[in-house]
Protein chains: 2
Amino acid sequence: MPVAPGPAATALSASRSLPEATVKRLPLYLQALAEANDDRMVTISSDELAGRAGVNAAQVRKDLSYLGSYGTRGVGYNTELLRQQVNRQLGLNREYNVALVGAGNLGQALGHYRGFAQRGFQVVAAFDTDPSLVGSRLGRAEVYPLADLERVVRQKHITMALIATPAAAAQDVLDKLVDAGITSVLNFAPIVLNVAPHVCMRKVDLAVELQILGYYEHVRGSRRAEVATRASTASGR
Amino acid sequence: MPVAPGPAATALSASRSLPEATVKRLPLYLQALAEANDDRMVTISSDELAGRAGVNAAQVRKDLSYLGSYGTRGVGYNTELLRQQVNRQLGLNREYNVALVGAGNLGQALGHYRGFAQRGFQVVAAFDTDPSLVGSRLGRAEVYPLADLERVVRQKHITMALIATPAAAAQDVLDKLVDAGITSVLNFAPIVLNVAPHVCMRKVDLAVELQILGYYEHVRGSRRAEVATRASTASGR
DNA sequence: CCATGTGAAAGCGTTCACAGCG
DNA sequence: CGCTGTGAACGCTTTCACATGG
């Protein structure tokens with residue numbers, strides 16, 4: 001089909017906004033494709049990719065169709081080509097410099113975590129108010145006092161930040177980050193933060209994840225008291 | 001309305017399954033209610049609660065309606081009563097014993113993270129294959145060799161586990177955990193794991209969160225090249 | 001012949017708008 | 001009068017099913 005009159009996306013050429021749900025799955029596909037590549041798979045079907053990413057095959061095809069037509073009917077997708085396309089679509093064909101604010105327990109772990117740098121996110125500076133931490137190293141980042149935030153952020157061309165401070169300090173830190181020009185923030189503090197609409201913020205609350213698990217554990221317990229046993233009907237999901 | 005013929009939930013009495021999206025928000029409400037309680041608020045409206053939890057007021061009312069009718073029309077919700085109900089609904093009126101597998105960078109941070117114990121999740125044992133780590137302490141947990149997993153899990157009545165191993169080891173660890181009787185798992189390894197349907201598993205991939213932010217940063221960059229500037233119309237979210 | 005790409009259907013989740021009640 | 005609780009509308013996501021084309 002030429003020119004594609006559909007309302008969704010201008011198929012060819014540059015990046016148009018994808019559905020949010022699709023964006024969340026692209027990193028999964030990227031990882032699955034990298035593994036398939038390591039396994040010397042030149043070509044991969046939506047079925048195979050779905051299995052490796054833990055999702056439905058129809059979903060894979062629908063998601064990938066938003067990026068354009070990179071598959072071959074009757075064959076599948078070229079693993080390496082598709083990986084490059086997904087990578088480009090996610091904006092990962094460059095490096096991002098990341099600031100880490102809060103060098104306590106969680107902050108130290110994040111600073112030492114190798115998974116970030118492996119995927120192009122360099123933690124190039126850390127910040128903390130505790131004078132005993134300032135000047136120390138955290139992975140390849142130096143720990144600066146919070147007062148230096150704006151200067152260092154601009155000097156090192158930092159565009160993203162991780163907030164790993166106590167909840168009470170998080171809003172103030174966020175405001176300072178935004179003043180310094182940061183536009184993407186990942187918040188680990190267990191508190192709801194307010195931010196101007198031009199800044200993109202996501203939240204990770206580790207305890208919340210456990211509480212969700214707790215709910216299902218709890219419900220399962222209640223069920224067991226009612227139905228006694230229940231052999232698995234091997235329903236997917 | 002008595003007996004409620006609606007299809008959703010048997011309003012009164014014990015816990016019926018809530019929509020998944022609602023379950024994910026209950027921990028937010030719980031936190032907001034705890035803060036409101038600290039602020040000496042005896043009563044709280046859906047509007048106020050929505051503001052503190054960062055969601056829409058109609059959503060708060062809809063979510064809370066699944067738990068039953070705990071509000072007073074024209075007034076709002078009793079802060080403390082509602083907090084107790086949400087807490088009970090999430091199954092948090094008990095403690096959970098948690099195992100931590102993998103005592104490397106991330107595992108050490110998780111073991112020292114106080115947010116877990118504060119909300120009733122005690123990390124009571126850690127496991128690692130590295131002999132130099134075995135025997136050391138991690139918060140209040142001792143580090144055991146992986147071979148002791150089943151014994152310690154049963155001995156300490158552990159029902160939940162955190163997987164913080166390298167990706168390559170995660171599936172094997174998961175299988176061992178399930179054999180030992182674990183039914184809830186939080187996986188931090190960047191890999192898709194397969195598990196029997198009776199086990200509840202959630203995944204946290206820190207790098208994925210950054211990649212999602214990267215996408216929006218990337219798209220924003222492309223937009224800026226097109227539309228030059230764009231003053232905020234102060235649209236929510 | 002086989003797997004993609006995609007309209008159409010079905011399923012969920014969110015938001016609206018207002019009836020109902022303290 | 002104000003705020004809850006909720007049917008109904010809306011929009012987004014997922015899944016189905018099949019025409020399409022290498």
Side-chain angles (χ1 to χ4, degrees), chain A residues 1-12 17-26 28-29 36 41-51 53-79 81-82 85-86 235-237, chain B residues 1-12 17-26 28-29 36 41-51 53-79 81-82 85-86 235-237:
Chain A
M1 77 307 299
V3 195
T10 327
L12 292 174
S17 66
L18 311 177
E20 198 178 319
T22 296
V23 174
K24 288 188 192 167
R25 281 186 295 266
L26 288 184
L28 292 182
Y29 299 154
M41 297 187 75
V42 176
T43 209
I44 190 169
S45 68
S46 60
D47 244 322
E48 173 75 23
L49 182 49
V55 303
N56 179 298
Q59 187 130 80
V60 168
R61 293 199 298 276
K62 174 81 49 161
D63 284 338
L64 296 184
S65 75
Y66 291 128
L67 314 190
S69 284
Y70 297 113
T72 306
R73 292 169 195 243
V75 180
Y77 302 88
N78 179 303
T79 312
L81 171 66
L82 186 57
Q85 292 303 333
V86 175
S235 66
R237 214 211 190 258
Chain B
M1 80 308 297
V3 195
T10 327
L12 292 175
S17 67
L18 310 178
E20 198 177 319
T22 296
V23 173
K24 288 188 192 169
R25 282 186 295 267
L26 288 184
L28 292 182
Y29 299 152
M41 297 187 76
V42 175
T43 209
I44 191 168
S45 69
S46 60
D47 244 321
E48 173 75 23
L49 182 49
V55 303
N56 180 297
Q59 185 126 77
V60 168
R61 294 200 297 277
K62 174 82 53 164
D63 284 339
L64 296 184
S65 75
Y66 291 127
L67 314 190
S69 285
Y70 296 112
T72 307
R73 291 169 194 244
V75 179
Y77 302 87
N78 177 305
T79 311
L81 172 66
L82 186 58
Q85 293 302 334
V86 176
S235 64
R237 207 190 200 272

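Model, not experiment: these values are computed from the prediction. Residue numbers start from 1 in every chain, and the chains themselves are labelled A, B, ... in the order their sequence lines are given, proteins ahead of strands.
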For C/dT4, does either OP1 or OP2 sit under 4.0 Å from a side-chain N or O belonging to A/Ser46?
yes

Provide, to the nearest angstrom, the distance between the NZ atom belonging to A/Lys24 and the C1' atom belonging to C/dG13.
12 Å

Between CG of B/Asn56 and P of D/dT6 the distance, given in whole Å, is 17 Å

Grab the CG-C1' distance between B/Leu82 and D/dC3 for me, whole Å please.
14 Å

Can you confirm whether A/Tyr29 sits close enough to A/Leu82 that some side-chain heavy atom of one is under 4.5 Å from a side-chain heavy atom of the other?
no

Just how far is it from atom CG of B/Leu26 to atom CD of B/Gln85, taken to the nearest 0.5 Å?
12.0 Å

A/Gln85 CD - C/dG5 C1' separation (whole Å):
16 Å

Given atom CD of B/Glu48 and atom C1' of D/dT4, what is their separation to the nearest angstrom?
16 Å

Spatial distance of atom CG (A/Asn78) from atom CE (A/Met41) [nearest 0.5 Å]
11.5 Å

Nearest-angstrom distance from the residue atom NZ of A/Lys62 to C1' of C/dA9:
11 Å

Taking the minimum atom-to-atom distance to the side chain of B/Ala58, which one of D/dG22, D/dT14, C/dC16 wins?
C/dC16

A/Arg61 side-chain N/O to C/dG7 phosphate OP1/OP2 under 4.0 Å:
no

For D/dT13, does either OP1 or OP2 sit under 4.0 Å from a side-chain N or O belonging to A/Gln59?
no

Rounded to the nearest 0.5 Å, what separates atom CZ in B/Arg61 from atom CG in B/Asp47?
7.5 Å

Expressed in angstrom and rounded to an integer, what is the separation of B/Ile44 atom CD1 from D/dC3 atom C1'?
13 Å

Measure distances between side-chain N and O atoms of B/Arg73 and base N and O atoms of D/dG2, and say whether any donor-acceptor pair falls under 3.5 Å.
no

Which sits closer to the 5' end of DNA chain D, A/Ala21 or B/Leu64, going by the nucleotide each is nearest to?
B/Leu64

Report the nucleotide, chosen from C/dA3, D/dT14, C/dT15, that has the shortest atom-to-atom distance to any side-chain atom of A/Ser45.
C/dA3

Here the gap from A/Asp63 atom CG to A/Thr22 atom OG1, rounded to the nearest 0.5 Å, amounts to 3.5 Å

Would you say a side-chain N or O of B/Tyr66 is under 4.0 Å from OP1 or OP2 of C/dG13?
no

Nearest whole Å is fine: how far is C/dT4 C1' from A/Asp63 CG?
14 Å

